[in-house]
Number of protein chains: 2
Amino acid sequence: MSDSKPDLPDRAQRMLRSLIDRYARDGQPVGSRTLARELGLELSPATIRNVMSDLEALGFISSPHTSAGRVPTVQGYRFFVDTLLNVQPLDSRSIEKIRLELSLEQTPKHLVESASALLSGITHMAGVVTLPSHEHALFKRVEFIPLSESRVLAILVTGEDEVQNRMLTTEKQHSASELQQASNYLNEIFAGKDLAEVRATLLREMQETRSNMNNMMMTAIQMADQVLESKQSEDFVMAGQTNLMEFQELCDIDKLRKLFDAFNQKRDILHLLDQCVHSEGIQIFIGEESGYQMLDECSMVTAPYSVDGQIMGVLGVIGPTRMAYNRVIPIVDATARLLGAALNHKE
Amino acid sequence: MSDSKPDLPDRAQRMLRSLIDRYARDGQPVGSRTLARELGLELSPATIRNVMSDLEALGFISSPHTSAGRVPTVQGYRFFVDTLLNVQPLDSRSIEKIRLELSLEQTPKHLVESASALLSGITHMAGVVTLPSHEHALFKRVEFIPLSESRVLAILVTGEDEVQNRMLTTEKQHSASELQQASNYLNEIFAGKDLAEVRATLLREMQETRSNMNNMMMTAIQMADQVLESKQSEDFVMAGQTNLMEFQELCDIDKLRKLFDAFNQKRDILHLLDQCVHSEGIQIFIGEESGYQMLDECSMVTAPYSVDGQIMGVLGVIGPTRMAYNRVIPIVDATARLLGAALNHKE
DNA sequence: TTTGGCACTCCTGACGAAAGAGTGCCAGCA
DNA sequence: TGCTGGCACTCTTTCGTCAGGAGTGCCAAA
């Protein structure tokens, strides 16, 4: 049964699990007596103390001061999460609730907002979802609208009628009909193709000798290149930040401020989320592991979400390190799947 | 000199002003001795006490408990702001700094963000700016792009090349050329007109007998109506929320949470800002005056900003009730003007 | 009208004692 | 050898008390 990691006796494992469990519930250091009761086994506090001493020696728990109970360390959580966490799949009622909620939303943007609200609502922590990447959206059509001598408005319609506007500045002036021809040309050859592929093709064409290209094609390709080059700056949506104020470990106004500043700045959080994009499944940062000081007492559980096997973005939950990982992980996991599915339906 | 409000002796006024001033600085109740020193006049604390007693009777100040100093009440602030506040215009260096900062931004959206960052940065409180209303933007052109049987993408370009997308659903299917004709027609007759005016005209046309209208015109008008009807939901941009955590009176985690929830929800704040749109100048809500509980210990100073005499939106500052109004008001005022001017230049 | 004086109230911070929680260690027991 | 009860010890938390400080209100005198 227990494919126990090297040399941690079964009993110690169970105790670590119990301690983490209890600490998750009330955030107080757990003492030997409490743990004895918690554990249910017929063991005296003294025995528990011996094992706790071992766990402390291994660096899995520590006590804030001599006469306090023990608290899991980051290493303790890491071990717990990596080797002795067993996650049940989310119960079907919850899944149905999420699916229903998501099914009400129409646009990807709304879906993403709804997903982050769900994450925060269900976990009582902060939910975060990156906007779906457009990198692998399908090219549907493009239109060019001349606005002034040197400015052209490009409208790119992708996949499920997602629209993006780009303002282009051109050296020479293009007539409306020229632009019309260009867009017709592009729409014809690229419709239904993957945006990344379209871009690759464009680059290739621009490299090749231009002699055998007529004026119209030149225009078309140059403009399309401009449209595609400005990679949509990544962004994310957040909900339930204020839930984090409920946890005593974050009630310190100074920590709180650092945290909220990070949320507003977005840059650091985005960077962290980026790291999770290609993690192929649940990713967990515990406390200081993230490398960002403002997340010191926090953990982040993320999962990428994808459509048709293509990863579109990441979603997750940010909460105190003592969060109930076994509860949060299935929620994040399910939400990622369901968001992917919901995006797929609209597509 | 002093156009003193009925029956408040000059000296009492000066004392109230001093007290408010001092309280703004360190947030502690002000006692008679402190005030005596603060005031500079050669008056003994006992005298001060007598006058303070009068001010308390008038409801302008109150003491948290017997042996504490006095604190201005909401009525006290109201009186102060209404009748004995003299605001100097903002010094020209600060003005230049704001102007410069705003001049770097290109789009209205960026301008608004920059303005709110400036407000929060200069005042060390929270800055808030509503997005400019499009109600009176100028119609530049509209394009219709058919996407599927019943879905048409409408692109509305206004004023200084601001672009809005709308997805329309139509009963009957329109061909590309039909749509082209419709947009040509609309662009021809409405170019350069005020959006509100355009909408009014459209409504009128729809009322009139439709017999003398050809198919194309019908299409055009119906579609245009759809484009314009969905009034852009108002929104605002905020910056420096976390500055508010610095003030002890807001360090209570519970108050803080209510406040930040309100910021995230946006609805209530938006409603408040709405009330300020047509106030023709600086508007100040002090503490509970706003009617919203979460702003109990807070005040809000706002000013509408306008372009060519048309009010485009509101901006302001949210901070603790004890903020230095005489410093904040000129900042809000100047920023409103400068934002208006900056928007004008881009237009 | 202003002022100094005085008694009074209330908060605040310090100190110490007691209580409580938890630990480590040790000796005894199965 | 592993578990247990017991015990001394440590450290935090809580509570009450107490003194000090800040501020008030009132009164009588200038």
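No hydrogens, no waters, no symmetry mates; every other heavy atom, side chains included, goes into these values. Every chain is numbered from 1, with letters handed out A, B, ... down the list of sequences.
Here the side chain of B/Ser120 pairs a donor or acceptor atom with the backbone of B/Ala117 at under 3.5 angstrom.
Rounded to whole Å, atom C1' of C/dG5 lies 13 Å from atom CZ of B/Arg33. For the pair B/Arg49 CZ and C/dT3 C1', the interatomic distance rounds to 10 Å; values are reported in whole Å. Between the P atom of C/dC11 and the CZ atom of B/Arg70 lies a distance of 15 Å, rounded to the nearest Å. Regarding B/Glu56, its CD atom lies at a distance of 15 Å from the P atom of D/dG23, rounded to whole Å. A straight line from CD of B/Glu38 to P of D/dG23 spans 13 Å, rounded to a whole angstrom. Rounded to whole Å, atom P of C/dC25 lies 12 Å from atom CG of A/Asp54. Rounded to whole angstrom, the span from the CE atom of A/Met52 across to the C1' atom of C/dG24 amounts to 13 Å.
Listed by chain and residue number, A/Arg337 satisfy the salt bridge (charged side-chain N to carboxylate O under 4.0 Å, His left out) test with A/Asp333 (two or more places apart in sequence, or in another chain). For B/Thr47, the side chain to side chain donor-acceptor pair (under 3.5 Å) partners two or more places apart in sequence, or in a different chain, are B/Ser44. When the side chain to side chain donor-acceptor pair (under 3.5 Å) test is applied to B/Glu289, the partners found at least two apart in sequence or on another chain are B/Arg78. Every residue two or more places apart in sequence or in another chain that forms a ring pair (Phe, Tyr, Trp, His ring centres under 6.0 Å) with B/Phe260 is listed here: A/Phe260, B/Phe263.
Put simply, the residue from A/Leu119, A/Leu118, A/Val314, A/Leu273 that forms a side-chain contact (heavy atoms from CB on, under 4.5 Å) with A/Val129 is A/Leu119.
B/Thr34 comes within contact range of the sugar-phosphate backbone alone, with a heavy-atom separation under 4.0 Å but no base atom that close.
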Sort me out a list of protein N/O and nucleotides 11-14 of chain D N/O pairs below 3.5 Å, or just none if empty.
residue	atom	partner	partner atom	Å
D/dC11	O5'	A/Thr66	OG1	3.4
D/dC11	O4'	A/Thr66	OG1	3.3
D/dC11	O2	A/Ser67	OG	2.7

All N/O pairs under 3.5 Å across the protein-nucleotides 2-4 of chain D interface:
residue	atom	partner	partner atom	Å
D/dC3	OP1	A/Arg11	NH1	2.6
D/dC3	OP2	A/Arg11	NH2	3.1
D/dT4	OP1	A/Glu42	O	3.3
D/dT4	OP2	A/Ser44	N	3.0
D/dT4	OP2	A/Thr47	OG1	2.4

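Sorted by first and then second residue, the pairs that involve residues 19-29 of chain B and meet side chain to side chain donor-acceptor pair (under 3.5 Å), not counting sequence neighbours, are B/Asp21-B/Arg25, B/Arg22-B/Asp26, B/Arg22-B/Glu38, B/Arg25-B/Glu38. Residue pairs meeting the ring-ring contact (aromatic ring centres under 6.0 Å, His included) criterion with at least one member in residues 26-45 of chain A, sequence neighbours excluded, do not occur. For residues 256-266 of chain B, the salt bridge (Lys or Arg N to Asp or Glu O under 4.0 Å) pairs, not counting sequence neighbours, are A/Glu246-B/Arg257, B/Asp235-B/Lys266, B/Asp254-B/Lys258, B/Arg257-B/Asp261.
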If you look only at distance, which donor and acceptor atoms sit under 3.5 Å apart when one is on a side chain in residues 52-63 of chain A and the other is two or more places apart or in another chain?
residue	atom	partner	partner atom	Å
A/Glu56	OE1	A/Arg70	NE	3.0
A/Glu56	OE1	A/Arg70	NH2	2.7

Donor-acceptor pairs under 3.5 Å, side chain of residues 321-330 of chain A to any protein atom, not counting sequence neighbours: which ones?
residue	atom	partner	partner atom	Å
A/Thr321	OG1	A/Glu297	O	3.0
A/Thr321	OG1	A/Cys298	N	3.4
A/Arg322	NE	A/Glu249	OE1	3.3
A/Arg322	NE	A/Glu249	OE2	2.6
A/Arg322	NH1	A/Ala24	O	2.7
A/Arg322	NH2	A/Gln248	OE1	3.2
A/Arg322	NH2	A/Glu249	OE1	3.3
A/Tyr325	OH	A/Ser299	OG	2.6
A/Tyr325	OH	A/Thr321	O	2.7

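Heavy-atom distances under 4.0 Å link DNA chain D to B/Gly31, B/Ser32 of residues 20-32 of chain B, given in residue order.
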